[in-house]
Amino acid sequence: MSILEYNGAAIIAMSGKNCVGIACDKRLGAQAQTVSCDFRKVFQYNKTFVGLAGLATDVQTMSSLLKFRKSLYELREEREMSPKVLSNLLSNLLYEKRFGPYFIEPVVAGLDENNEPFLSGMDLIGAPVYTDDFVVTGTATANMYGMCETLYKKDMEPEELFETLSQALLASVDRDALSGWGATVHIVTKDGIITRELKARQD
Amino acid sequence: MARRYDSSTTTFSPEGRLHQVEYAIEAINNAGTCIGILAKDGIVMASEKLVSSGLLAPSKSSEKTYKISQHVACNVAGLTADANILIDQARLRAGRYEYQYCEPIPVEQLVELVCNYKQAYTQYGGLRPFGVAFLFAGYDEHYGFQLYQSDPSGNYSGWKATVIGSNNQAGKSLLKNEYGVTSSSSEEKEEEKEGEMKVEVDGVEETSMPDIKGALRLAVKVLNKTMDATASSSEKMELYVMSLENGQVVHKILNKDEAQKVIDEVEAEASPAAAGAAAGDS
């Protein structure tokens, strides 16, 4: 049984028209046993969101590390970190531990300086992939890829993006034992960030 | 006599002095003045901007004031290059503490870490000390707003109001007379040891501490006295305020108009007295 599947997670990030959305489940488990139903896996860094799926201890460590590095960057450069830079930093941090890696597979979603959507995903040693439609990670990736491929359309408005993201995630986690127990969805637009909690099957 | 014992940091003189450290402190007396004043609801730091050339392109937001973390900022007097190293150290140490404990670093601990770093350059390695003095302004939930001064020796102390840089003696004497009128300097006790600090404050009551507006006016008044120029203008001074808003620490460098307003208020306070004196003379 893979170490990346020990705690369970499901995260999708999607792009829309001048907006991005990121949705994650809330389950924290120890293999079959569910331990918590409000475990945070998506972390906000100004207008960029990072979703971390994988071993929970590494999820929390990496989110703290990113917070530290982002603060240092903002103090030295006196400006905010763009999503692309954050993604590159994350990739570097992961590769530094190439032969003893963090067991996480992150996705990065945000709006850059021109309010254009940015999406990226990477493996546990930092190999990045940049897409313009959607990225998925976690224990239910097969389900999520299927749902996203079917439901996704280009240039969705924020409200439609929210609906699509929610339906894709909810349907995917229902067929996965290790993820679910509720969901959180963030939609980022140039005017602000809307966060909604979804009630889902509590099993 | 001192010539034989002053070229190495690692040698005491027969009088028990470290001359290199003292010379480093001298280097700061040529730097632009920095004033720090503790107020009831925040901290004010005012500094003199030494503009060496009109052709200079301003690269960062300030040459004197630096943010160390969300809750700590500092003012620099001395060699800017040396200061950059120490500021980077301070930022790293503050960040590492917060990474480890998920809590902002208590201000005194940060000051002590920076000072311990400076102290190492007065005892080992054959390297010269840093030619920088700092004013640290910070807020934590344990001790509220705090103001610290540190010098090249690695000594630090907490203050209600202090001055570093050129003409600091003139500035300090003015502050002694004007800050928190009911306090007397003899009641203020502070012991400075290498890397250690004890401050007992039983002189100034809460009510005699100025508020931020009062502290700003006092800072400008002191800066007017320490600066050589006869006319004060908002280009030559930088006014920084740290305050609390909704439980969050806010750092603000006053813009030209806001700074000019304070300068005008101080001038208005002074001019009735000047007009009275002129009338008295004639």
Side-chain angles (χ1 to χ4, degrees), chain A residues 7 28 36 38-50 52 54-82 85-86 88-97 100-104 106 108 113 126 192-193 195, chain B residues 45 57-76 80-105 107 109-111 113-114 117 134 136-140 238 240 242 248-253 255:
Chain A
N7 293 123
L28 173 74
S36 167
D38 55 13
F39 185 73
R40 269 204 324 147
K41 294 164 204 176
V42 168
F43 303 92
Q44 183 179 352
Y45 303 100
N46 298 124
K47 284 216 138 177
T48 311
F49 280 84
V50 178
L52 298 165
L55 197 60
T57 179
D58 288 346
V59 165
Q60 293 182 321
T61 300
M62 188 49 76
S63 74
S64 296
L65 203 55
L66 277 175
K67 185 169 166 216
F68 182 10
R69 295 299 296 262
K70 164 198 166 276
S71 301
L72 221 48
Y73 181 95
E74 287 180 354
L75 283 169
R76 285 181 178 146
E77 308 223 358
E78 295 188 358
R79 63 192 172 108
E80 283 183 6
M81 233 188 200
S82 69
V85 172
L86 189 65
N88 283 328
L89 171 65
L90 184 51
S91 173
N92 251 48
L93 286 172
L94 292 174
Y95 196 81
E96 263 174 22
K97 304 282 184 202
Y102 289 111
F103 294 112
I104 55 170
V108 179
E113 301 89 12
I193 297 156
T195 302
Chain B
M45 290 202 288
S59 54
K60 293 241 157 101
S61 57
S62 166
E63 66 163 81
K64 294 293 257 182
T65 309
Y66 297 89
K67 194 167 154 188
I68 304 292
S69 76
Q70 182 46 37
H71 63 302
V72 178
C74 73
N75 252 23
V76 170
T80 312
D82 288 9
N84 286 340
I85 306 286
L86 291 168
I87 287 162
D88 212 41
Q89 257 296 306
R91 286 173 172 164
L92 275 171
R93 301 313 295 265
R96 269 185 221 155
Y97 184 101
E98 192 154 344
Y99 174 64
Q100 197 169 46
Y101 298 104
C102 287
E103 247 194 29
I105 185 168
V107 188
Q109 284 195 41
L110 176 63
V111 175
L113 284 170
V114 175
Y117 189 82
F134 285 107
F136 286 101
Y139 176 87
D140 60 43
E238 184 175 282
Y240 163 88
M242 173 184 279
Q248 289 277 75
V249 174
V250 174
H251 306 260
K252 183 174 165 67
I253 294 182
N255 63 37

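Note that this is a predicted model, so its numbers are computed, not measured. Below, chain A is the first sequence line, B the second, and so on; all start at residue 1.
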field: More than 12 heavy atoms from other groups under 6.0 Å of NZ on B:Lys252
entry: yes

query: Could you give the distance from CZ (B:Arg91) to CD (A:Glu74), rounded to the nearest 0.5 Å?
result: 11.5 Å

- prompt: Is there a side-chain contact between A:Leu72 and B:Leu92, using heavy atoms and a 4.5 Å cut-off?
  reply: yes

message: Counting only non-hydrogen atoms closer than 4.5 Å, does A:Ser71 touch chain B with its backbone (N, CA, C, O), its side chain (CB onward), both, or neither?
response: neither

- prompt: Do B:Lys67 and A:Glu78 have side-chain heavy atoms sitting under 4.5 Å apart?
  reply: no

- request: Decide side-chain contact (heavy atoms from CB on, under 4.5 Å) for B:Glu98 and A:Phe68; before the verdict, give the C-alpha distance in whole Å, the side-chain angles of both, and the deciding distance to 0.1 Å.
  value: CA-CA 8 Å; B:Glu98 192 154 344; A:Phe68 182 10; over 6 Å; no

- line: Per-residue tally against chain B (heavy atom, under 4.5 Å) across A:Arg69, A:Arg76, A:Glu77 peaks at A:Arg76

